[in-house]
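Working notes, beginning with the structure itself.
Any value given below was found using the heavy atoms of this structure, including those in side chains, with hydrogens, waters and symmetry copies removed.
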Amino acid sequence: MEIETPSDINANVANVESDSELSGAEQIKYEENGNVAESSLTEARLHAKAKRRLRKNSSRDSGRGDSVSDNGESARGVLPTSPKAKLMDRKSRTGKGRGLPKKGGAGGKGVWGTPGQIYDEEVVDIKDPNYDEDQESCVYETTVLPLDEKSFEKSVTPIVQEYFEHGDANEVAEMLKGLNLGEMKCGLPVLAVSLALEGKASHREMTSKLLSHLCGTLLSTEDVERSFDKLLQEMPELVLDTPQAPQLVGQFIARAVGDEILSATYLDGYRGTVDCVHARAALDRAAVLLRITKGGRRRIDSVWGTGGGQLPVNKLVKEIDLLLKEFVLSGDVVEAERCLQELEVPHFHHELVYEAVLMVLEANGNNTYKMMLSLLEALLKSGAITLDQMKRGYDRIYQEIPDINLDVPKAYSVLERFVEDCFKAGIISKQIRDLCPCRGRKRFVSEGDGGRLKSESY
């Protein structure tokens with residue numbers, strides 16, 4: 001490597017100073033040459049930038065089989081070289097098709113064909129090597145396994161409890177037909193009677209009707225007899241939950257004999273062979289009931305009493321009228337309340353209010369007046385009759401008082417006095433009292449009265 005000496009440096013400086021002293025024409029020519037070189041440099045830069053862009057696009061399109069040459073021309077048919085491009089690029093770029101859905105819209109998840117397509121019945125090919133001639137006559141049926149004791153109680157108990165609500169024996173029969181009871185058929189009356197023992201009198205009446213309805217269709221006479229045999233055997237356990245079980249089971253047996261789902265000689269088979277005290281009491285109760293009715297069904301039908309929403313209205317009206325007449329004779333408010341509760345028709349208690357007020361209007365003495373006043377007061381305080389039912393009963397009297405007055409001339413005055421006393425006793429509200437109809441205290445002059453205005457005789 002050569003080292004410049006001070007003399008060489010001075011020589012170079014001298015040359016520069018001499019170059020700066022060039023003529024004006026040469027300086028203009030030098031500037032033109034510099035502009036040409038600068039423009040060529042810019043073109044080279046643009047060309048290099050274009051090539052870099054082409055190379056970048058070429059690597060991006062390698063997954064679809066296209067490549068770009070240096071001069072910008074694309075070359076098709078080149079296989080993609082990047083495995084990642086094969087996985088990420090799922091779009092078809094072959095340029096085929098018109099953009100319509102695949103398979104004419106019949107493809108995709110949950111699609112069974114094109115819209116409106118109708119499939120023909122499948123024809124069995126006899127030449128198929130998997131063809132079996134025996135399959136042509138096969139009949140496929142749904143098999144329901146028979147219920148065991150645990151599943152039987154779990155399945156049948158809700159059905160019986162729902163029956164106590166709606167009272168439709170046909171629906172119960174349809175639901176039981178869907179179950180394969182098998183050997184548990186005799187357990188159906190046992191379960192129904194056991195649930196009815198814990199319920200009300202209306203539930204026992206409905207249970208007797210259900211057993212009578214199922215006997216002959218779902219149950220046989222032998223199944224019913226085995227059911228009552230099992231009930232008599234389980235009597236000591238039933239007494240623990242229901243102390244009145246012997247009397248109630250005896251009534252079930254008597255009703256079954258009256259409905260002819262038990263043979264008349266059923267009791268004779270147990271004569272002198274029963275050791276259990278409770279079972280003997282049940283059989284004695286059934287024998288007494290059958291002896292009273294002499295095998296008839298007229299009084300056996302009412303072995304559970306008269307009550308429940310299943311009774312007709314005219315029968316309920318007769319029972320309420322009989323209840324009030326017995327109360328007038330005995331004066332026992334507790335017994336009257338018990339009889340009213342046994343009817344199990346709280347929505348019909350307005351009939352008792354109506355009948356009680358009507359009895360007061362039609363009575364001659366003052367005894368009925370006081371007794372009905374005390375009865376309504378006691379029933380309202382105990383909650384047996386609600387204020388709404390009380391209002392409905394008085395509304396019925398207010399609407400029918402014109403017709404009642406035709407038969408009872410003093411009906412208006414007696415009604416006003418009774419309503420006022422009921423309001424003072426807290427039986428009715430002020431609104432009910434104000435709705436009480438009244439009639440004018442004067443009446444028109446009649447012929448032969450001499451032009452005098454007569455006051456009402458009441």
Would you please say whether a donor-acceptor pair under 3.5 Å links the side chains of Asn170 and His213? yes
Please tell me whether Asp223 and Ser220 have a donor and an acceptor in their side chains that are separated by less than 3.5 angstrom. yes
Asp388 and Arg392 ion-paired at < 4.0 Å: no
Between Tyr266 and Asp229: side-chain donor-acceptor atoms closer than 3.5 Å: yes
Are more than 12 heavy atoms from other residues, nucleotides or ligands located less than 6.0 Å from atom CD of Glu153? no
Between Leu376 and Leu380, does the side chain to side chain contact (heavy atoms under 4.5 Å, CB included) criterion hold? Intermediate values first, please. CA-CA 6 Å; Leu376 294 179; Leu380 184 65; over 6 Å; no
Basic-acidic side-chain contact under 4.0 Å: Lys200, Glu342: no
How far apart are the C-alpha atoms of Leu267 and Val257, what are their side-chain angles, what is the distance that settles it, and do they pass the side chain to side chain contact (heavy atoms under 4.5 Å, CB included) test? CA-CA 10 Å; Leu267 297 178; Val257 174; 5.6 Å; no
Do other residues, nucleotides or ligands put more than 12 heavy atoms under 6.0 Å from Leu406 CG? yes
Can you tell whether the side chains of Arg226 and Glu222 come within less than 4.0 Å, N to carboxylate O? no
Under a 4.0 Å N-O cut-off, is there an ion pair linking Asp284 with Arg280? no
Would the distance check show the side chain of Ser208 and the main-chain N or O of Arg204 forming a donor-acceptor pair, the cut-off being under 3.5 Å? yes
Tell me whether Glu335 is salt-bridged to Arg338, with the criterion being a basic N under 4.0 Å from an acidic carboxylate O. yes
Indicate yes or no for a side-chain donor-acceptor contact from His349 to the backbone of Ala384 under 3.5 Å, with no hydrogens or angles considered. yes
Backbone of Val190 reached by a side-chain donor or acceptor of Ser227 within 3.5 Å: no
Check the angle between the aromatic planes of Phe418 and Tyr369 and answer parallel, tilted or perpendicular using the 30° and 60° thresholds. perpendicular
Check whether any side-chain N or O of Tyr163 sits under 3.5 Å from a backbone N or O of Met206 as a donor-acceptor pair, and report yes or no. yes
Is there a donor-acceptor contact under 3.5 Å linking the side chains of Glu337 and Ser382? yes
Tell me whether Gln341 at atom CD has more than 12 heavy atoms from other residues, nucleotides or ligands lying less than 6.0 Å away. yes
What do you reckon, is CD of Glu400 surrounded by more than 12 foreign heavy atoms closer than 6.0 Å? yes
Is there a side-chain contact between Leu352 and Leu379, using heavy atoms and a 4.5 Å cut-off? yes
Spell out, as yes or no, whether a donor-acceptor pair under 3.5 Å connects the side chain of Ser155 to the backbone of Phe152. no
Side-chain donor or acceptor of Asp128 paired with backbone N/O of Tyr131 under 3.5 Å: no
Should the pair Lys315-Glu319 be classified as a salt bridge under the 4.0 Å nitrogen-to-oxygen rule? no
Any side-chain heavy-atom pair of Phe228 and Phe252 under 4.5 Å: yes
Determine whether Glu355 and Val317 satisfy the following criterion, side chain to side chain contact (heavy atoms under 4.5 Å, CB included), listing intermediate values before the conclusion. CA-CA 9 Å; Glu355 293 290 342; Val317 172; 4.1 Å; yes
Check whether any side-chain heavy atom of Leu340 sits under 4.5 Å from a side-chain heavy atom of Val345, and report yes or no. no
Checking the side chain of Ser413 only, and the main-chain atoms of Lys410 only, is there a donor and an acceptor separated by less than 3.5 Å? yes
